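Working notes, beginning with the structure itself.
In what follows, every heavy atom counts, from backbone to side chain, and hydrogens, waters and symmetry copies are set aside. Everything quoted here is computed from the prediction, not taken from an experiment.
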Amino acid sequence: MKQYHLKAFLLSAVILFCAATVSANEHPGGMHTKAQIAYVKEQIRQKKEPFYAASMQLLAKADQALSSTHHALADLSIPGYYIKPKEHRENSQSIQTDGFAAYACALAWQLTGEKKYAEKALYFLNAWGAINTRYSDYDGPLVLSYSGTSMVIAGELMRPFKKWEKADRERFAGWVKNVYREAANQIRHRKNNWADWGRYGSMLADYYLDDEADMAENIRLIKSDLFDKIAVDGHMVEEVKREKNGLWYTYFSLAPITASCWVAYNTTGENLFTLENGGRSIKKALDYLLYYQQHPAEWKWFNNPNTGSPTSGTGFWPANLFDAMYGIYKDETYRSFTAPHLPVIYEKHHFAWTFPTLMPAIVR
């Protein structure tokens, strides 16, 4: 009898283990799937453009990061940008600089297999996992959400690296769960772009942590108010209120919304890009943004709005967004807008569509 119960217990344990294994996400995944990475590697091997040029662009950035040191802070304290802009920018630079370096090195390792890139990516991930235990001040959760995406994506890319020490790996996972996702979830119920970045960040963390329940909650939240955010003509209701920066904030909302849809597609197979209600859709919002980026004099919300530029200090928005969205919608107006600027890279401030030319988003 005892032997029977022991066998039954062991069988149950095996079943539970297999169930857990099956239900877990495939890693790496989320923003960059195994299939996408394999496809890009093959394009680079054949020196196909624009992939080859984009890969050289990535490796140049990764090589620069090899000699840099981390700026991890125990408390990521970020005052409101419109309250203390200088302190806001200075403190934000810590995670933005380190996050991009980690992301670039992790992706370089995935595409080349060179250990030097893996070790440098882990250097940044381990530093933030060990040192950063909290965030604070008015913009703390927002900046951590939109800049820390780079860290979580880098961590996801590094999951297969066998020499990532168990203690460091577990510490980083704890940071993702207890610091990063806490910040993202704190703002994911807001009405404007704060919620969009919170949901996107939370989804990246959910994927990393294999948290199916919270992933489902984020997808539910996206669906719950998407058509409150987008007007019938395509303008973003909350973002056009931002006076001269209305176009920027429209982009700054659509970037995480579309990136969230991409993560959702890679996780569940559900295509949120095609959602439509009463004439409202993500595609219409994108078209609205592109039109007024190209015709700012017609923008009715504020005279002479700021537009994206190749010479912008933060990067050429919204070129990165439309480079990515060409793969989703195959709209030739998107390609015409971005073609003169390929390969596109967006390396500062926030990280949704960072390497859109190199790592295309394609819904099949």
Does a side-chain heavy-atom distance below 4.5 Å link [X] with [Y]?
X	Y	result
V240	T250	yes
P28	R159	no
N25	T267	yes

### Task
Dump the intermediate steps for salt bridge (charged side-chain N to carboxylate O under 4.0 Å, His left out) on D323 and R335, then the final yes or no.
CA-CA 7 Å; D323 193 20; R335 173 56 76 228; 3.2 Å; yes
### Option passing ring pair (Phe, Tyr, Trp, His ring centres under 6.0 Å) with Y146 (candidates F351, W194, Y200, F252)
F252
Centroid separation [X] to [Y] less than 6.0 Å:
X	Y	result
H70	F124	no
H27	Y207	yes
W353	Y346	no

### Task
Report the residue from R188, R181, R199, K177 that forms a salt bridge (Lys or Arg N to Asp or Glu O under 4.0 Å) with D206.
R181
### Task
For residues A255 and A352, report the shortest heavy-atom separation together with the two atoms involved.
O-CB, 3.9 Å
With the threshold set at 4.0 Å, does a side-chain nitrogen-carboxylate oxygen contact exist between [X] and [Y]?
X	Y	value
E90	K86	yes
E270	K223	yes
K284	D287	no
E217	R220	yes

### Summary
Rounded to the nearest 0.5 Å, the OG atom of S94 sits from the CG atom of L73 at a distance of 4.0 Å
### Message
What I want to check is whether the side chains of Y326 and E332 have a donor and an acceptor closer together than 3.5 Å.
### Response
yes
### Task
Applying side-chain contact (heavy atoms from CB on, under 4.5 Å) between N193 and each of E239, M236, K229, report the one that passes.
E239
### Query
Can the positive tip of K48 be found less than 6.0 Å from the middle of the six-membered ring of F51, inside 45° of the ring normal?
no
